[in-house]
Amino acid sequence: MLDLREGFLTTRLDVVLNWARSNSLMPMPMGLACCAIEMMAFAGPKYDVARFGSEAMRFSPRQADLMIVAGWCTYKMAHAIRRVWDQMPDPKWCIAMGACASTGGMHRCYGVVQGIDNFLPVDVYIPGCPPRPEAVLHALMDIQEKIRNTYSVAQDYLHGEPRPAAPPIRPQVLSPEGDEPVARNVLHRSLKSSFNHGRAEE
Amino acid sequence: MAEQKSNERAKTPEALKFYFTAVDPPRGDEHNPHAKATTYVPEVVEALQEQFGDAIEAVELYAGEHTVRVRADRIVDVCRFLKEAQGFNYLADLGGIDRFTDEGRFEVFYNLVAIERRKRIRLKVRLEEDHPVVPSVTSVYRAANWNERECYDMFGIRFEGHPDLRRMYMPEDFEYHPLRKEFPLLGIPGSLPLPPQTPGGPLTYDPFARAHGYVPPPSYEEPPAETEET
């Protein structure tokens, strides 16, 4: 069978699909505590997540592909969250918003799950108590970056098989310290080289 | 494998111990500048002592607040007397205290308010550790229903005559009472299972699965469910 990972058609199709997916993420707002207030601000007109195409909050998991777990999660609620997560169709992503969802935060006690990554595959963690809406926007942009750097067509075809990481299709503006950032010297001069450059000029 | 190890679970509840006992210094009758006349109710205390006699075990006046300790078997009669004859028609709060002493380990407190008279009084009942049973006051104050359920959930104090004595917060199959002193802060590992890591998988009994190296697989890497194969 032809190698789907390197064909011209599939890579271009990947670009189109990833462009569509990353710019039309539909969040499932799992608002559990005060972080949900900041999540509302993130969806509201001032911070305006509609600029990133994610303004359509879907309260039905069948129509959502990004779960934002905002707030502390109890052991009782964990089962409901996992059930909602299992009902979301693939592909799907997950954001742990705030210190409580990421690590349990200040709720270091018997009833609160010490980080939702104990039962959910989390893609992006947001620090803060609660995080600013800009931080949530940043997390959304990280998710978009992750989507744009994956094989979508090949992933659908080669279901379940181990795959190498996809090459970045554009410079990683948000995380320049990755494995092989493209055009690193153009966009991000590393600290060491700029330091040496400044010394040489003196 | 971390998953298999994390799913092992003790079948019987653990016997819990608590080693530290804090001892407060004896406190005097301190002056409380914020105390209001609402909590100073000597006439109600006199009426209670006249009506019930020996059933009133102790009367404390601390910081301008009256606290009446009542024998456990008379608490319903005391509450009914206060409600019908003294006008304390509002049960503001009810809850448990773990004093962690050898005698009279548990306490149940009742905060009563007389709305018309603008007075408040606090009743207390002491219970032994091996027999924490107190009559329910839901026949007098219906508001006590959920408070008594919470107290039962957190301390294991049973309320006789309660119409629906179930756990309030914790799952119904939970085997411990979390606000007792011997209960560890982070809980008993395995007593509260987390949901399965894959849709058809077993429950996760390790509360720190991620810290022990187990990473929940993304959905596109999950093994197919068993129902799909058959």
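No experiment lies behind these values; they were computed from the predicted model shown. Below, chains carry the letters A, B, ... as their sequence lines are ordered, and counting in each starts from 1.
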B:K181 atom NZ, neighbour heavy-atom count above 12 within 6.0 Å:
no

Between atom CZ of A:R108 and atom CG of B:L185, what is the distance when rounded to the nearest 0.5 Å?
8.0 Å

Check this for me: A:F52, atom CZ, are more than 12 non-hydrogen atoms of other residues, nucleotides or ligands nearer than 6.0 Å?
yes

Taking atom CG of B:D102 as the centre, report whether more than 12 heavy atoms of other residues, nucleotides or ligands fall under 6.0 Å from it.
no

Taking the side chain as C-beta and beyond, is there a heavy-atom pair between B:L194 and A:V113 under 4.5 Å?
yes

Checking A:K76 side chain against B:Y169 main chain: does a donor-acceptor pair fall under 3.5 Å?
yes

Count the heavy atoms of every other residue, nucleotide or ligand shown that sit under 6.0 Å from CZ of A:R51, and state whether that count exceeds 12.
yes

Can you list, pair by pair, the side-chain donor-acceptor contacts under 3.5 Å of residues 122-136 of chain A, counting residues two or more places apart and other chains?
| unit_1 | atom_1 | unit_2 | atom_2 | d |
| --- | --- | --- | --- | --- |
| A:D123 | OD1 | A:K146 | NZ | 2.6 |
| A:D123 | OD2 | A:C94 | N | 3.0 |
| A:Y125 | OH | A:D117 | OD2 | 3.0 |
| A:Y125 | OH | B:R210 | NH1 | 3.4 |
| A:R132 | NE | A:E134 | OE1 | 3.4 |
| A:R132 | NH2 | A:Y47 | OH | 2.9 |

Exactly one candidate in B:P195, B:P196, B:P199 meets side-chain contact (heavy atoms from CB on, under 4.5 Å) with A:D86; the answer is B:P199

Sub-4.5 Å side-chain heavy-atom contact between B:P207 and A:Y75:
yes

To the nearest 0.5 angstrom, please state how far the CG atom of B:L192 sits from the NE2 atom of A:H79.
8.0 Å

Please state whether the side chain, the backbone, both or neither of B:F183 comes within less than 4.5 Å of a heavy atom of chain A.
side chain

For residues B:M170 and A:Y110, determine if any side-chain heavy atom of one lies less than 4.5 Å from a side-chain heavy atom of the other.
yes

Would you say that more than 12 heavy atoms from the other residues, nucleotides or ligands in this model lie under 6.0 Å from the CE of A:M106, or not?
no

Please name the pair of heavy atoms, one in B:P217 and one in A:P121, separated by the smallest distance, quoted to 0.1 Å.
O-CG, 3.7 Å

My understanding is that only residues two or more places apart in sequence, or in another chain, count here; which of them pass salt bridge (charged side-chain N to carboxylate O under 4.0 Å, His left out) with B:E182?
B:R105

With a 3.5 Å distance limit and no angle check, can you tell me whether B:Q197 reaches the backbone of A:L120 through a side-chain donor-acceptor pair?
no

